Protein chains: 2
Amino acid sequence: MTVSLKDVAERAGVSIKTVSNVVNNYRHVTPAMRERVRRAIDELGYRPNLTARHLRKGRTGIIALAVPELGNPYFAELAGAVIDAAAAHEYTVLLDHTGGSREREILVSQGFRAQVIDGLILSPIELEAEDLRGRDQDAPLVLLGERAYDLPYDHIAIDNVAAARTAVRHLLGLGRSRIAFLGARTDRINEPSHLRLRGWRTELTAAGLPAPDTLVAPTGGWGHADGATAMARLLDSGERPDAVFAYNDLIAIGAMRVLAERGLRVPRDVAVVGFDDVTEGRYGTVSLTTISPDKHTIARLAVASVVERLRAGGAVPEDAEAGGGAGRGRELRVSFRLVERESTRGGG
Amino acid sequence: MTVSLKDVAERAGVSIKTVSNVVNNYRHVTPAMRERVRRAIDELGYRPNLTARHLRKGRTGIIALAVPELGNPYFAELAGAVIDAAAAHEYTVLLDHTGGSREREILVSQGFRAQVIDGLILSPIELEAEDLRGRDQDAPLVLLGERAYDLPYDHIAIDNVAAARTAVRHLLGLGRSRIAFLGARTDRINEPSHLRLRGWRTELTAAGLPAPDTLVAPTGGWGHADGATAMARLLDSGERPDAVFAYNDLIAIGAMRVLAERGLRVPRDVAVVGFDDVTEGRYGTVSLTTISPDKHTIARLAVASVVERLRAGGAVPEDAEAGGGAGRGRELRVSFRLVERESTRGGG
DNA sequence: TTGAAAGCGCTAACAG
DNA sequence: CTGTTAGCGCTTTCAA
C-alpha cells in the first residue's frame, strides 16, 4: 500500500540513505544520482511518512492552540492568524477549545491531546498559577491574554490596564461621566476581567470621578447574551449610565441591543466602547468603537516563541537553563489602538 | 528524558509486552501483575508515546478540518462542533483554512499537511470535481457544504434548494414580491451559490413572479463588506426590492447596514432573510431571520463518516470496494429550519 | 498468562 | 559521495 524509502531505494537501485538524502535536500549528492532517485520517487508516488520521521526526530511539526471558545469571533480570527503564522514556520496547528473551564485548561496544559504536539499556545481563563506549577511537559507553552502568572512561560498580551484606561479616557473626553463597566467576573479571586476593570477604575479615579460598584455589571460569560442580560440588569437597578465600557465586543453588542430595546440611543444617550475589534462590530446598525489589539502580532509572537524554544531544545531563549519550564518567562507586550466608530462618535 | 515502556518494564521487573498489555487494558493479566505495573507507571510518570503507537498502527488519531475562513462565524461554530464530535470518538482535530481558493483546496485535499492525519473533512468553495478525481490519498475524505460532486466521497449538506425556497416562500407569504438575491458568484461555471440561487428562482417562478437578473447581486466574497457593497450597488442601480434573500448571514447583515444608512427600514421597507444562523444575527438592532442548518448534526455525521471508513479500512461502508476513493459517495441530508426574527417579522 | 523478538518508516552515526 | 546499521517507542506474532 504505502511506498517507503526502501521501495524507492530498490527501484532506483541505490541505498535508503541516498534516497533520504535526496528527499531531505542534502548537499553532496550527484545531480545524476539525484535525478535518478527523483524519477523513482515520482514513478512510485512516494511520500515521506511524517509519523516515522517525527518519531525519529522527536518532533511532530504540530503545535496546538487552545482557546476558550471558537464561537467568539475574536478567538476565531486569532486562530486564523495563528494558523498562518505557524505555516510560515512550516508548523501545522491543532485547535482545541476549553470552554474557559479550569478543568479543561489544566487537561490541555498537561498535554491531554498533546503527546502529538511540539508546543502549546494557551489562552486561559480560569487556570491558576498553581495548576501550571507542576507541569511536567517538555512541550513549550506560551500563554495568551489577560491572565498573567509569575511562571517560566512566555506571556503575550496587550497592556490591558492601559487599553481600558484609553477606552475610558475616550469616553471622558466625550463628556461622559457615568461610565458603566460590563463584564466583570466576580466569581473567583484572580478574576479574568481583573485588569480591564482596574483600568476602568483607575482612569475614573484619576479624573476625580467616582467608580461605584453599582456601575459594575458582572456577567456569567462573554457572549452577546451575557452582555444583554447584564445591561438589562443594570438598567433595571435604576442606574442611568451615559456610557458603557464592555469587557469585549460581544458583550458590548449584546448591551447595545438592550439599549435599543429600551429606547436609549447610542451614542446620544449612552456611548459604548467594546474590546477586541471583531469584524462584526463594524457592521451593526451602529458600528462599535473598540480597542483593537494587534491580533497578527500576537499570533506571530506566540508562534515565534514556541519555535524559538523548540530550537533551543525547550529552554527559555534568554537564559540557558534547561527544560521547557525553566528560566523566567518573558512578558511580551503587543500594541493596541482605539478605533473610533459610531457608538461613540455617531449621529445616533 | 522520556519514560518508555522499557523503563516501566525494568522498574516493574516484567517484560515490555506485559506493560503494553496493562496500558492497553488487555484481558488476561493477573490483577497482581496489573497492580505492579500500574505502580511502576505512576512512579515513573510514564505516558505512552502516541507517535510511536501510531507509526506502528498506521493511524494518528488526528483528523483535519479545512474550512474557507475561520473569520466567518458559521465555520468557526462548525469547527467547534466538529472538535466536540471528534473528541467523542477520541479523535483530535487539526484545523486549516483555505481562503476558499481552488489552489489551497487542492493542496489540502492532496494532503498538503495531511501526512499526519487519518482523515479529512473539507468544505470546498472553488474546488472542481476533476481536482479530486486523481486523489491518491488513502485518508478518507468527506465533503461539506453546497458543492456536490459525483465522486466516491460522502457529501454532507442540507438541501440548499429547499432551504432557499423556504426562505423565499416566507418572504412571499409576507406579501413581498420584489425579492433580491444577494451573494451570487458568477465568476465560474459551477458557482458555489448555485443551489441557493436556483431555489430563489424556482420559488419565484412557482409563485408566478419574475426572477430578473437585475434583482441578483453578485458578491466577490462572503463577508459583511461584500454584502454591504452588493446592496449599495443594487440600490444604486435603481432597483427597489421589498425584500432581500442573502447567500449567508454576514452578507445579510452587511446589507442591512447599508439599508439603514439609506434610510430604508427593516423589515417595513425591506425584509431580510439570511442563511447560516450565526449567533451574531440574533443580536443586531434588528435581529435576523435566517435559515438554520443543524450544525451539530453536520459535524457529527462528518466525523462519523470518517471514522466509519477508517474502521472499514478506507472503504466506503455500504459496499465493500477497496481504497479510500472507491465505491459511491453517500449524499447525507441534514435538516434545517427557518428561524423567524425581526428582520421579517419585527416592528421596524 | 507472559516473554522475546521483529519491524512500522525514518534519520543519523559511522564506515567505506 | 554513498552504503550499513542501529534504534526512536510501540504493537504484535509466535513461543514458552
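What you see is a predicted model; the values in this text were computed from it and never measured. All chains are named by letter (A, B, ...) in the order of the sequence lines, taking the proteins before the strands, and each is independently numbered beginning at 1.
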Check your understanding: Can you find a pair of side-chain heavy atoms, one from B:Val93 and one from A:Leu95, that are under 4.5 Å apart?
Key -> no
Check your understanding: With sequence neighbours excluded, what pairs up with A:Glu77 under the salt bridge (charged side-chain N to carboxylate O under 4.0 Å, His left out) test?
Key -> A:Lys295
Revision key, fill the gap. Taken in chain and number order and not counting sequence neighbours, the residues that satisfy salt bridge (charged side-chain N to carboxylate O under 4.0 Å, His left out) with B:Asp42 are none
Check your understanding: Who passes side chain to side chain contact (heavy atoms under 4.5 Å, CB included) against B:Lys57, sequence neighbours left out?
Key -> B:Arg53
Revision key, fill the gap. First and last nt of DNA chain C near chain B, cut-off under 4.0 Å to heavy atoms, 5' to 3', are C:dT1 to C:dG9
Point to revise | salt bridge (charged side-chain N to carboxylate O under 4.0 Å, His left out) partners of B:Arg333, counting only residues at least two apart | key: B:Glu331
**Study point:** Those residues that, when tested against A:Ser123, pass side chain to side chain donor-acceptor pair (under 3.5 Å) (two or more places apart)
**Key:** none
Check your understanding: Roughly how many Å is it from CZ in A:Arg56 to C1' in D:dG9, rounded to a whole number?
Key -> 12 Å
**Study point:** Close approaches to DNA chain D from residues 14-24 of chain B, in residue order (heavy atom, under 4.0 Å)
**Key:** B:Ile16, B:Lys17, B:Ser20, B:Asn24
Study note, to complete from the structure: Here the distance between atom P of D:dT11 and atom CG of B:Asn25, to the nearest Å, is 12 Å
**Study point:** A:Glu130 atom CD, neighbour heavy-atom count above 12 within 6.0 Å
**Key:** yes
Exercise for review: Find the bend of the helix from C:dT1-D:dA16 to C:dG16-D:dC1 as the angle between its two terminal axes (five pairs each), to the nearest 10°.
Suggested key: 40°
**Study point:** Integer-rounded Å distance: D:dG3 P and A:Lys6 NZ
**Key:** 16 Å
Review point. Among residues 34-46 of chain A, which residues get a heavy atom nearer than 4.0 Å to DNA chain D?
Key: none
Point to revise | Under the side chain to side chain contact (heavy atoms under 4.5 Å, CB included) test, residues paired with A:Asn21 that sit two or more places apart | key: A:Lys17, A:Tyr26, A:Val29
Point to revise | Test: A:Glu69 and A:Arg104 ion pair at under 4.0 Å | key: no
Review point. Are any of A:Thr30's side-chain N or O atoms less than 4.0 Å away from OP1 or OP2 of D:dT2?
Key: yes
Exercise for review: Please identify each residue that fulfils salt bridge (charged side-chain N to carboxylate O under 4.0 Å, His left out) with B:Glu103, with sequence neighbours left out.
Suggested key: none
Exercise for review: Kindly write out the residues that satisfy side chain to side chain contact (heavy atoms under 4.5 Å, CB included) with A:Leu301, not counting sequence neighbours, or none if the list is empty.
Suggested key: A:Ile156, A:Thr297, A:Leu332, A:Val334
Point to revise | Evaluation steps, side-chain contact (heavy atoms from CB on, under 4.5 Å), between A:Ile63 and A:Ile117 | key: CA-CA 5 Å; A:Ile63 60 186; A:Ile117 68 167; 5.8 Å; no
Point to revise | Nearest-Å distance for atom pair NE2/P, residues B:His54 and D:dT11 | key: 9 Å
**Study point:** B:Glu308 with B:Arg330: basic N within carboxylate O range, under 4.0 Å
**Key:** yes
Check your understanding: Does a nitrogen or oxygen in the side chain of B:Arg53 sit under 4.0 Å from OP1 or OP2 of D:dG9?
Key -> no
Review point. Which comes earlier along DNA chain C counting from the 5' end, the contact point of A:Thr51 or that of B:Gly13, where each point is its nearest nucleotide?
Key: B:Gly13
**Study point:** B:Leu5 CG - D:dG7 P separation (whole Å)
**Key:** 17 Å
